[in-house]
2 protein chains.
Amino acid sequence: MSPRRVTLAEVAEHAGVSRTTASLVLAGRARELRISQSVEQRVVEAARELAYRPNAMSVGLRTGMSRTLGFVSDTVATSRLAGDMIKGALEAAREQGLMLFIGETEGEADLERGLLQAMHDRQVDGIIFASMFTRAVKVPAALTAGPAVLLNAVPKRTSPLSSVVPDEVEAGRSAARVLLEAGHRDGIHLIGAGPRLRDVPPEALAGVQRLTGISEVLAGARVRIAGGHVCVDWQPEHGYEATRQLLEDTRPRALICLNDRLAVGAYQALDDVGLKVPSDVSVISFDDHPVASWIRPKLTTVALPHYDLGHKAVEVLLAEIDRNREGTPPRGETYRVSMPVRTRDSVAAPDA
Amino acid sequence: MSPRRVTLAEVAEHAGVSRTTASLVLAGRARELRISQSVEQRVVEAARELAYRPNAMSVGLRTGMSRTLGFVSDTVATSRLAGDMIKGALEAAREQGLMLFIGETEGEADLERGLLQAMHDRQVDGIIFASMFTRAVKVPAALTAGPAVLLNAVPKRTSPLSSVVPDEVEAGRSAARVLLEAGHRDGIHLIGAGPRLRDVPPEALAGVQRLTGISEVLAGARVRIAGGHVCVDWQPEHGYEATRQLLEDTRPRALICLNDRLAVGAYQALDDVGLKVPSDVSVISFDDHPVASWIRPKLTTVALPHYDLGHKAVEVLLAEIDRNREGTPPRGETYRVSMPVRTRDSVAAPDA
DNA sequence: TCAGCTTGCTAACTCGATTTAGCAAGCGGC
DNA sequence: GCCGCTTGCTAAATCGAGTTAGCAAGCTGA
């Protein structure tokens, strides 16, 4: 794009000094280089009058810092589910005067390689490697060439990269506590997976961790999980079918749906047989998808902290960039972001 | 980011030629500058062996083309509603070897100005200025300094910028046609706005245009719109209340909900009084939000072509960039992208 | 043999900013 | 007056790539 811009050379000429002097003044180094107040004033004034803004490409080429970050993910920006992750990252970046390049791989290795290359070609200061669903990832070699952070992902193998993930175990504990606090002691069923840990595919990290937390708290209260219904995928249809099957066998008092879309399906199945939420059956879930507040009654759910995840990832990445500049090795730490309970209308005391 | 990269100078040295020669060869200008086949071969081989990739910052500084585009919107990337717009844009850009900077303004003028500046500082080749909801926008002055395109927006005043928008009028026609084709001739009610055009706020562009198309086709078939229910916002709660009120007065045969979230609410209200979709009341709607295929029965809806909108915007922007490079004035055209009907299960012939 | 043309490359400059070494002028002390 | 130090700036080089003018060598025709 070629719209005319004011160059530093023009500012220098306007102020009647060399480009070097102008550069040093605007970089805040006037004192250090013993430039007089009057020259400094002239430069600052000229820059203001001419509305000078540095060309970021030029600065980047000279300094090796482009003031841009890369955000590479499978489908975060485009899946309609985790937009707040991007939002959090965008805001954290903006606060520091940085811009974000977005790239989506759809999980394809070739696309991923091309994107990482394109970002490195553009000299990004660092890269956030994000996953739509919490999972363990194979860290691409190209990613460790410079500062990078995993977002909503943990490395499959030992890696120098730090991770930022939701605290899913604690979320499971929270969900169980909500039911216990409402008075539920039996008839608690899982929709989506369980009741044993081995009923969850190990790659479904969120499921494993949610169930871990749920089991821990219920066991601690000597409450048994009455049953679990495995779903091959966590969409409304699967929640509907699982709940239909459950209702053929028994009358549940509470459902822990492993995500909100499963809960949508559970609501539909309960409605089909005339059971009311929450007077007949309480429902608690995870994610806080917008649909949670569209269904009636509104769903109590433990929220994925997308915004905070994205924001934290940028913070951690910036720390890694600083570390890299100082020649310090990467931190390789896992940061867990807590998941708040969104209390709505789907949980009540068990009926008699 | 400072990981070691191979420079053109290193390729030249490896091939035993000048940097100029190496540059000309890799730019495909060997023939034009009469460089021998053997020299050309040596350069190409050296570049391959050394895995040379040009530094995009350097190329950008020298050529004035950064091979990046800006995407500025209110809340498109982060609202969870229009992710496919970004996806379409990302894919169109990737096909051309370009990358996308994303920035969100939340409709704040200061943020908007800062973002446009940041993108210009980084020498973006052009900018897509997008809106989450179809609307008329005040085009920021900074935007017309170089190639730019409006996406899901039209300019409030005459502007040199082209627009890419969904064809909402034709979408309204499609929706009406679906009902006519199912046999509906009366008892057709609108949920969200209407029945007259003046019942829609003029700034709710999609509403005005959808209603225009609906009215046109129904009038052409001599079918009256039985009634319309204005909603201050188009969320499920509003659809629920409007439909509840409607059901207190009359028994509708078909509902045209002005978007899918209103339809969610309408479904809930119909369920409350034991009316079945579609046997008792057909429902058609707009947008094709994911929830359309979660509710039961699945909703027939006229889809917003987010992916195609985003893709088209990049295409149009690239044409504008070429035009700008040739010194040709911007096109200033409006491109309407058609909205396909997603036929599901919510429309049937009227009952007796 | 000489002049003009062709071939095949290179030196130098450019893009816009930053960085570093160093120079000139002035001052103070011996 | 001379030398060393301080002040206040600048020239030159750098970052990595692209662009343009031009030079040297060789060939051909008169």
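First the proteins, then the strands, lettered A, B, ... as listed; each starts at 1. Predicted model, so just to flag it, every value in this text is computed and none were measured.
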Report task. Using the closest heavy atom to pick a nucleotide of DNA chain C for each, name whichever of A/Leu8 or A/Arg34 lands nearer the 5' end. Result -> A/Leu8
Query raised in the report: Between B/Thr20 and B/Leu61, who's closer to the 5' end of DNA chain D by nearest nucleotide?
Result: B/Leu61
Report task. First locate atom OG of B/Ser73, then atom CG of B/Leu115, and finally report the distance between them rounded to the nearest 0.5 Å. Result -> 9.5 Å
Query raised in the report: Nearest to the side chain of B/Arg62, which nucleotide is it out of C/dA17, C/dT14, C/dT10?
Result: C/dT14
Query raised in the report: Please give, in whole Å, the distance from C/dT14 C1' to B/Arg19 CZ?
Result: 12 Å
Query raised in the report: Around A/Arg31, counting heavy atoms of other residues, nucleotides and ligands shown, do more than 12 lie under 6.0 Å from its CZ?
Result: yes
Query raised in the report: Do NZ/NE/NH1/NH2 and the carboxylate oxygens of A/Glu112 and A/Lys138 come within less than 4.0 Å?
Result: no
Requested in this report: Grab the CG-P distance between B/Asn55 and C/dC15 for me, whole Å please.
Outcome: 19 Å
Query raised in the report: If you look at every heavy atom in A/Ser58 and B/Leu61, which pair is closest and at what distance?
Result: CB-CD1, 3.9 Å
Report task. Check the pair A/His14 / A/Glu10 against side-chain hydrogen bond (donor to acceptor under 3.5 Å, both in side chains), numbers first and verdict last. Result -> CA-CA 6 Å; A/His14 199 82; A/Glu10 284 167 303; over 6 Å; no
Query raised in the report: Rounded to the Å, how far apart are B/Arg29 CZ and C/dT10 P?
Result: 15 Å
Query raised in the report: What's the CE-P distance between B/Met57 and C/dT18, to the nearest Å?
Result: 12 Å
**Report entry** Gap between atoms CD and P, on A/Glu10 and C/dC15 respectively (whole Å)
**Finding:** 11 Å
Requested in this report: Taking only the side-chain nitrogens and oxygens of A/Ser58, find out if one of them lies under 4.0 Å from OP1 or OP2 of C/dC15.
Outcome: no
Report task. To the nearest 10°, let me know how far the axis at one end of the helix from C/dT1-D/dA30 to C/dC30-D/dG1 is tilted from the axis at the other, five pairs an end. Result -> 80°
Requested in this report: Would you mind reading off the distance between A/Arg53 atom CZ and C/dA17 atom P, rounded to a whole angstrom?
Outcome: 12 Å
Query raised in the report: Going by heavy atoms in the side chains, are A/Leu161 and A/Glu320 under 4.5 Å from each other?
Result: no
Query - A/Glu45/A/Arg42 ion pair, N-O < 4.0 Å - result: no
Query - Nucleotides bounding contact with chain A, strand DNA chain D, heavy-atom threshold 4.0 Å - result: D/dT7 to D/dG16
Query raised in the report: Touch check for A/Ser36, heavy atoms < 4.0 angstrom, all strands: base, sugar-phosphate only, or nothing?
Result: sugar-phosphate
Query raised in the report: Atom CG of A/Leu24 and atom C1' of C/dT18: how far apart are they, to the nearest Å?
Result: 8 Å
Query raised in the report: Considering residues at least two apart in sequence or located in another chain, which fulfil the salt bridge (charged side-chain N to carboxylate O under 4.0 Å, His left out) criterion with A/Glu333?
Result: A/Arg331
Report task. Please report, rounded to the nearest Å, how far the C1' atom of C/dT6 is from the CG atom of B/Leu33. Result -> 14 Å
Requested in this report: Could you pull out the closest heavy-atom pair between A/Pro330 and A/Arg323, with the gap in Å?
Outcome: CA-CD, 3.8 Å
Query raised in the report: So, is A/Thr7 close to the C/dG16 phosphate, meaning a side-chain N or O under 4.0 Å from OP1 or OP2?
Result: no
